[in-house]
Amino acid sequence: MRELAATLVREALVAAIEAGEVGLSSPPEVRIERPRDTSHGDWATNVAMVSAKAAGMNPRQLAETIAARMSGHEDVSAVEVAGPGFINIRLSAHALQRVLTEVRSAGTDFGRIDQGEGRRVQVEFVSANPVGPMHVGHGRWAALGDSMARVLAHAGWDVQREFYVNDQGVQMDIFAKSVAARYLELCGREVEFPEEGYRGAYITEIAREILGDEGERWADAEPAAREDHFREKAYAQVLAHLEHVLHSMGVDFDVWFSERSLHQPAEDGGPSAVERAFDRLREAGHLYEHDGALWFRSTAFGDDKDRVLKKADGSYTYFAADIAYHADKFDRGFDRVIDIWGADHHGYVKRMEAAAAALGHEGKLELVIGQLVNLFRGGEVVRMSKRTGEMVTFEDLLDEVGPDAARYFFLRRSTDQPLDFDIALAKEQSSDNPVYYVQYAHARICAILRKATGADTADTSVDIAATAGTLLGKDAPLHLLDSDAELALMRKIAEFPEVVEIAARLLAPHKLTRYAEELAASFHQFYTQCRVVDPDDAELTTARLHVVDASRIALATVLGLVGVSAPERM
RNA sequence: GCCCUCGUAGCUCAGUGGAUAGAGCGUCUGCCUCCGGAGCAGAAAGUCACAGGUUCGAAUCCUGUCGAGGGCACCA
């Protein structure tokens, strides 16, 4: 639609130039935007204001000249000059009716655009430490990353989802020690629980499981051997659990990338990925030694201070592995590399950007910072304490509100805004709950389509998409669709490809939920004002069923990008 | 102290340098002989934190002040 409007303006401008009405050698780029106030029309352009000086005309005069050549076009119902020289364009009912046919032939491909042109993009997200349950923030980032991936794919990108597994380091060691301590307690031994150990009940459960599987034979083993064994067992179990929880919300990863692998020798026995990354930085002159440690001169790329990569004791910092990890991502040939991090990691942004630049990939890395989630229950803050272990995990939340409500609520706010998640509202089955509001519109549409078949509306075997296909032939009297409610609904449907474009470009999935609510509202308004199935008017019924079915497709498609189901009945 | 993010209606939040700043909730007033009322219509509600600057034009960009959250390890 935007392209249609731009083309209309461009053609009018070219015609005016050729007719000698406008003194321009070549037409300028035509920028089309949405007027903030819809009463100004569907589209507006400031092209007359931008090129007035070059044309030697005043902006309004130029605008009038262009507008005159646009009026009368079958896709334009009104064109007017406003303010300092805006050209406001209202598309005709004819142009909107044509969209219905496009939507219905596209099906779930509706809104697919070619922004990515098949280029490759990787989205890395969640990447929670596999040492315990995920918190609700992880849930938000999971929904965010997955929807981002879905909308990027819809916008023509070749997308890969990746989870970076921190399977090495201090956290893992503490984790192993914690499990070992619980195990020994279960064996009736006197043990001192590690100072910094994880005290969650799940640690004891893992220990109990090991005890059940392998008996007490580890009680008298060497502590180091015991911890090594427990670390592997416990970590594999937690990782499988994370995968399971994410999957139950419809989030699946293409790659689970192990941090540990970065430290292991290459397949040919050569240096590890970490050492190879060091070599690259060293050759480029970005490393130096100081106080027995190896430093990265990140200040050369805008960081606040230089960073240690290899400590004086010979061990590597987390950052060292992260540099190697990103070097590996770049080597894999992605055109874009997107990381979604929690707000608690945002202090890390500058040094990672510095590392990307030092590796010769400035601008290829996009760091998205997801703000945290505050849980409420009917307006009351849900208090959580890590110390006492009193907390609502992501899994708890999923169990309580279900995957649809969870995903929908996680995506209702812009990424850089902290999210207040009201558990009571998410469970409510009323119009106050936006996910029900949107899903209800879809179920209502399906009820109409069932009704239109004349079949038993209680028959659950009706295939809605197939029904709509057979019910509605290619030629329909769409010109009958000209009431305000019908036009408004068609406008909203036609807006969808634009929403995909913006959501993908700005990496902003909350545009999707917002659009879904607007579309649902347009549909409910249409429903209230226009009776669809009317035995006395077969023509109008057919035409309206076309809008209804196009609404169904648009709603189901946007919900698909959000990752929420589109129920045929509720 | 330094860095990052944020500050928009009573509340929760949209807003891509454009025109008279929008939506939901809440408050108030209405709409069911009719395809699903889990719906719809209407009303009231604003110093876009504040002060400068850039621009033909700023909620949006820049600087400063105030306020909120987060980050400032040879932790991850």
Side-chain angles (χ1 to χ4, degrees), chain A residues 31 33-40 44 46 49 52 59 82-86 88 129 131 166 168-172 174 196 259 290-295 303-305 307-322 342-350 369 371-372 374 376 379 412-420 422 425 428-441 443-452 457 485 498 501-502 505-506 508 510-511 513-514 517-518 520-521 523-535 541 544 548 569-570:
Chain A
R31 282 192 49 194
E33 56 197 30
R34 287 271 181 193
R36 188 151 50 178
D37 186 340
T38 52
S39 71
H40 290 135
N46 62 356
M49 289 142 80
F86 289 103
N88 291 333
N129 283 332
V131 296
N166 302 124
Q168 168 152 346
V170 178
Q171 310 273 11
M172 287 292 283
I174 296 172
E196 298 292 312
E259 176 186 1
H290 178 70
D291 286 345
L294 182 66
W295 294 70
D303 195 6
D304 302 329
K305 50 176 290 192
R307 307 291 171 176
V308 170
L309 299 185
K310 192 172 184 178
K311 304 178 213 168
D313 67 4
S315 62
Y316 297 102
T317 61
Y318 176 83
F319 186 41
D322 226 357
D344 51 342
H345 282 68
H346 85 257
Y348 204 75
V349 169
K350 274 189 183 174
I369 300 302
Q371 291 294 325
L372 302 165
N374 303 308
F376 288 78
R412 271 198 94 211
R413 296 287 171 249
S414 61
T415 310
D416 51 16
Q417 199 74 235
L419 174 71
D420 289 338
D422 194 321
L425 178 60
E428 205 168 302
Q429 303 202 355
S430 79
S431 59
D432 292 352
N433 184 346
V435 65
Y436 275 91
Y437 179 81
V438 174
Q439 289 183 317
Y440 178 66
R444 201 177 219 187
I445 286 168
C446 294
I448 295 171
L449 292 172
R450 281 193 297 269
K451 171 98 178 171
T457 50
E498 190 193 343
E501 193 277 328
I502 293 171
R505 180 160 48 82
L506 302 180
H510 73 280
K511 304 274 184 190
T513 50
R514 199 171 183 80
E517 285 163 49
E518 290 169 0
F523 180 79
H524 287 311
Q525 286 155 23
F526 158 81
Y527 176 90
T528 305
Q529 291 173 40
C530 304
R531 173 149 194 112
V532 178
V533 180
D534 181 354
T541 297
R544 284 183 171 164
V548 169
R569 46 182 96 228
M570 297 168 70

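Letters A, B, ... mirror the listed sequences (proteins, then strands); counts begin at 1. Scope of the values below: all heavy atoms of this structure, side chains included, with no hydrogens, waters or symmetry mates.
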Rounded off to whole Å, could you give me the CZ-to-P distance for the A:Arg413 and B:rC25 pair?
-> 13 Å
The nucleotide from B:rG22, B:rU12, B:rC35 with an atom nearest the side chain of A:Asp420 is B:rU12
So is A:Arg444 actually on top of A:Tyr527's ring, under 6.0 Å and inside 45° of the axis?
-> yes
Is the phosphate of B:rC40, meaning OP1 or OP2, less than 4.0 Å from a side-chain N or O of A:Tyr437?
-> yes
Using purine N1 to pyrimidine N3 plus N6-O4 or O6-N4 for Watson-Crick, or N1-O2 and O6-N3 for G-U wobble, each under 3.5 Å, what pairs with B:rG1?
-> B:rC72
Taking B:rC35, B:rG37, B:rC74 as options, the one with an atom nearest any side-chain atom of A:Arg444 is B:rG37
Side-chain donor or acceptor of A:Trp295 paired with backbone N/O of A:His290 under 3.5 Å | yes
By nearest nucleotide on RNA chain B, pick out whichever of A:Val308 and A:Thr415 is the more 5' one.
-> A:Thr415
At under 4.0 Å, does any side-chain N or O of A:Gln417 touch on OP1 or OP2 of B:rA14?
-> yes
Tell me which nucleotide among B:rG36, B:rC74, B:rU16 gets nearest to the side chain of A:Ala312.
-> B:rC74
What nucleic acid atoms does A:Gln168 come within less than 4.0 Å of, heavy atoms only: base, sugar-phosphate, or nothing?
-> sugar-phosphate
Close side-chain approach of A:Met172 and A:Val131, heavy atoms under 4.5 Å = yes
Side-chain N or O of A:Thr317 closer than 4.0 Å to phosphate OP1/OP2 of B:rA76 = no
When you compare B:rU47 with B:rG57, how far apart are their P atoms, in angstrom units rounded to a whole number?
-> 25 Å
Closest-nucleotide 5' rank along RNA chain B - winner of A:Ala44 and A:Ser414 = A:Ser414
Consider the side chain of A:Met570, meaning its heavy atoms from C-beta on, and name the nucleotide among B:rA38, B:rA76, B:rG18 that approaches it most closely.
-> B:rA38
Once you round it to whole Å, what is the distance between P of B:rA14 and NE2 of A:His510?
-> 6 Å
Which of the following nucleotides, B:rC35, B:rG69, B:rC74, is nearest to the side chain of A:His346?
-> B:rG69
To the nearest angstrom, how far is A:Met172 atom CE from B:rA76 atom C1'?
-> 12 Å
Base, sugar-phosphate, or nothing for A:Pro434, non-hydrogen atoms under 4.0 angstrom?
-> nothing
Establish whether the base of B:rA19 is bridged to the side chain of A:Asn88 by a donor-acceptor pair shorter than 3.5 Å.
-> yes
Pair assignment for B:rA45, Watson-Crick or G-U wobble, requiring both distances under 3.5 Å | none
Which part of the nucleic acid, if any, lies within reach of A:Asp534 when heavy atoms closer than 4.0 Å are counted: base, sugar-phosphate only, or nothing?
-> nothing
CD of A:Glu33: more than 12 outside heavy atoms within 6.0 angstrom?
-> yes
Could you check whether A:Cys530 gets within reach of a base, just the sugar-phosphate, or nothing at all, counting any heavy atom under 4.0 Å?
-> base
A:Lys305, nearest nucleotide to its side chain (from B:rU5, B:rU12, B:rC74) | B:rC74
Identify which nucleotide among B:rA76, B:rG18, B:rG36 has an atom closest to any side-chain atom of A:Gln171, counting heavy atoms from C-beta outward.
-> B:rA76
How far, in whole Å, is B:rU16 from B:rU8 if one measures between their P atoms?
-> 16 Å
Return the nucleotide paired to B:rG18: Watson-Crick means purine N1 to pyrimidine N3 with N6-O4 or O6-N4, wobble means G-U with N1-O2 and O6-N3, both under 3.5 Å.
-> B:rC56
So, is A:Tyr527 near the phosphate of B:rG37, with a side-chain N or O under 4.0 Å from OP1 or OP2?
-> yes
To the nearest Å, give me how far apart OH (A:Tyr436) and P (B:rG37) are.
-> 18 Å
How about A:Tyr440 and A:Tyr437: are their ring centroids closer than 6.0 Å?
-> no
A:His346 side-chain N/O to A:Ala343 backbone N/O, donor-acceptor pair under 3.5 Å = yes
As its Watson-Crick or G-U partner within any shown strand, both distances under 3.5 Å, B:rG37 has none
Interatomic distance, A:Gln439 CD vs B:rG36 P [rounded to whole Å] = 18 Å
For the side chain of A:Arg544 and the backbone of A:Arg531, is there at least one donor-acceptor N/O pair under 3.5 Å apart?
-> yes
Report which part of the nucleic acid A:Asp344 touches: base, sugar-phosphate, or nothing (heavy-atom distance under 4.0 Å, all strands).
-> sugar-phosphate
Taking atom C1' in both B:rC13 and B:rG64, compute the distance separating them and give it to the nearest angstrom.
-> 28 Å
Taking only the side-chain nitrogens and oxygens of A:His524, find out if one of them lies under 4.0 Å from OP1 or OP2 of B:rA38.
-> no
May I ask you to say what A:Ala82 touches in the nucleic acid, namely base, sugar-phosphate or nothing, with a heavy-atom cut-off under 4.0 Å?
-> base
Look at the side-chain N and O atoms of A:Gln525 and state whether any lies under 4.0 Å from the OP1 or OP2 oxygen of B:rA41.
-> yes
A:Arg569, nearest nucleotide to its side chain (from B:rG71, B:rA76, B:rG36) = B:rG36
Select base, sugar-phosphate, or nothing to describe what A:Ala441 touches, counting heavy atoms under 4.0 Å on all strands.
-> nothing
Hunt down the Watson-Crick or G-U wobble partner of B:rU63, both distances under 3.5 Å, from any strand shown, or write none.
-> B:rA51
Nearest-angstrom distance, P atom, B:rA23 to B:rC40 | 14 Å
Using atom C1' of each nucleotide, how far apart are B:rC28 and B:rC35 to the nearest Å?
-> 32 Å
Nearest-Å distance, CD1 (A:Ile369) to P (B:rC4)?
-> 13 Å
Whole-Å distance separating the CG atom of A:Asp416 from the C1' atom of B:rU60 = 13 Å
Considering only atom C1', compute the distance from B:rU27 to B:rG67 and round it to an integer number of Å.
-> 29 Å
Residue pair A:Gln371 / A:Leu419, side-chain heavy-atom distance below 4.5 Å | no
Measure from the side-chain N and O atoms of A:Asp313 to the backbone N and O of A:Ser315, and report whether any donor-acceptor pair falls under 3.5 Å.
-> yes
Using the C1' atom as the reference point in each nucleotide, state the distance between B:rG15 and B:rA58 in Å, no decimals.
-> 13 Å
Between CD of A:Glu33 and P of B:rG57 the distance, given in whole Å, is 17 Å
In terms of heavy-atom contacts, does CZ of A:Arg505 have more than 12 from other residues, nucleotides or ligands at under 6.0 Å?
-> yes
Nearest-angstrom distance, C1' atom, B:rG52 to B:rG10 | 31 Å
Would B:rC66 be called syn or anti, given that syn covers angles within 90° of 0?
-> anti
B:rC11: pairing nucleotide in any strand, Watson-Crick or G-U under 3.5 angstrom = B:rG24
